[in-house]
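See structure below.
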Amino acid sequence: MARVEDSPWAIPVAQIASRAGQSKPVDADFPAPSGIGDNIVGIKEGAPVHVSGQFDSIVDGLIFTGRLVAPFVSECTRCLKPIDEDWPVNVTVFFPYESAADKNAARGGKGKGGKSGKDEEVEIFAGEDESEDTYPLLENGAFADIEAMIRDTLVESLPLQPLCKPDCKGLCSQCGVDLNENPEHHHESTDIRFAGLAALKAQLEAEQGE
Ligand SMILES: [Zn+2]
Ligand SMILES: [Zn+2]
């Protein structure tokens, strides 16, 4: 069976989980988990996702605050040009200790006694942070597994209608010419509603001429 520490997404956090008020910086690449978008719009499985930020320990768990930058692949919904860009997303998530027992285990049993008012603290935290994103710690708080955090954060942030640039002019609706490259492009027909009829007329005339 695979061990937690062998996961490419498991970050050892036992040192800071030992007591509140400590932090651990993260600044490294992690492989993109599967399931972020699809082949057309998304982030390829295994592509490097740069994670920077830090874990901060509070009484009831660890808060991760940072930024993900992932290579985003898609195509422009207007001109169909491939888009290949770094996609930055800010993230704040919470890794709660499952129970006091987990916290004590993370302390290695040498903590300075139990902390009362645990439920109260959870409520305070929930009030401070609007985000509902929480992820479990593994191995009694020894590891934070950020696979789901990476996937969820990137999936939520993927654009529904990616554009190569905000003012992309797209393609000509009649002939498909890229209007970004041919800004002067237009057709003789003054009303595009008649363009199809004009084309049909030309086709009929051509057939009659044969
Ligand atoms: Zn475009
Ligand atoms: Zn055209």
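For ligands, and for the atoms within them, numbers begin at 1 and follow the listed sequence.
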### Task
Enumerate the protein N/O/S atoms at a distance below 2.8 Å from the Zn ion (ligand 2), ignoring waters.
C172 SG, C175 SG, H185 NE2, H187 NE2

### Query
Okay, side chain of D38, backbone of V41: is any donor-acceptor separation there less than 3.5 Å?
yes

### Query
Donor-acceptor pair, H50 side chain versus P48 backbone, under 3.5 Å?
no

### Message
How wide is the angle at the Zn ion (ligand 1) spanned by C164 SG and C76 SG, rounded to 10 degrees?
### Response
110°

### Query
For the residue pair F64 and F94, is the inter-centroid distance of their aromatic rings smaller than 6.0 Å?
no

### Task
Quick one: closest heavy-atom pair of A70 and I43, and the distance?
CB-CD1, 3.6 Å

### Task
Check P96 against L137 and note the closest heavy-atom contact, atom names and distance.
O-CD1, 4.0 Å

### Task
For the residue pair T134 and F95, establish whether any side-chain heavy-atom pair is separated by less than 4.5 Å.
no

